[in-house]
Amino acid sequence: MLSFVARSGVTVTASRLTFTKSIAKPLTVITDAPLTPTTGVRTRGFEVAMPTKQARTAIGFSADPELATYMTPTYSPGLSSYISMGGAGFIYPAGASSSGRYGEGDTLRCEVDFSARTVSFSVNGQRVGSAPWRHGEAAWPAISSEGGTVVADVDFF
């Protein structure tokens with residue numbers, strides 16, 4: 001079963017990540033394996049419910065299983081091996097504005113369509129934006145936080 005890999009300041013249980021205030025600097029947590037297309041299933045992704053969100057966050061996919069920095073150009077200058085959406089509604093690394101934002105209590109959906117080569121984002125069931133996926137047929141689900149208590153309940157599909 002796919003799972004996020006724990007890092008210092010982040011606890012991981014079967015389907016829950018908890019970022020704590022002890023995080024020394026903004027970071028990203030990535031799964032132990034990528035999502036890939038399977039026979040008959042070309043769209044894969046994950047859904048995140050955030051019952052607690054007391055810090056900036058970004059959700060998305062990385063083409064690099066070793067990505068550790070926060071998924072925005074501010075913290076990862078020059079890096080383009082990810083697609084993420086932050087709570088303020090910007091899709092990175094391009095900095096494009098989506099039609100939605102998210103916060104505490106919201107449910108987010110992040111999916112990659114390997115046929116169309118796009119990543120799309122939804123907030124509470126409403127699609128709010130997308131970006132091209134140019135990194136092949138492996139996408140590591142990723143969640144970033146700047147530090148502060150963030151609880152993310154995750155379901156992969």
Would you please name every residue forming a side chain to side chain donor-acceptor pair (under 3.5 Å) with T43, sequence neighbours left out? none

Counterpart residues, side chain to side chain donor-acceptor pair (under 3.5 Å), relative to R16 (two or more places apart): D153

Across all chains, not counting sequence neighbours, the salt bridge (charged side-chain N to carboxylate O under 4.0 Å, His left out) partners of E104 are none

Could you work out the complete set of other residues in the hydrophobic cluster of F157, with links drawn between I, L, V, M, F, W and Y side chains under 4.5 Å apart? none

Contacts satisfying salt bridge (Lys or Arg N to Asp or Glu O under 4.0 Å) that involve residues 110-134 (not counting sequence neighbours) are R109-E111

Tell me the ring-ring contact (aromatic ring centres under 6.0 Å, His included) pairs involving residues 3-24, sequence neighbours left out? F4-F156

For S84, enumerate each residue passing the side chain to side chain donor-acceptor pair (under 3.5 Å) test, keeping only those at least two apart in sequence or located in another chain. none

Sorted by chain and number, sequence neighbours left out, side chain to side chain contact (heavy atoms under 4.5 Å, CB included) with S3 holds for V12, D32

Can you list everything that forms a side chain to side chain donor-acceptor pair (under 3.5 Å) with T57? Sequence neighbours excluded, please. Y102

Listed once per pair and sorted, the salt bridge (Lys or Arg N to Asp or Glu O under 4.0 Å) pairs that draw on residues 52-74, sequence neighbours left out: R56-E146

Quick one: hydrophobic cluster around Y92, which other residues, with the 4.5 Å side-chain cut-off, linked directly or via members? I30, L67, M71, L79, Y82, F90, W140

List, by chain and then residue number, the residues other than Y70 in its hydrophobic cluster (Ile/Leu/Val/Met/Phe/Trp/Tyr, side-chain heavy atoms under 4.5 Å); write none if there are no others. Y75

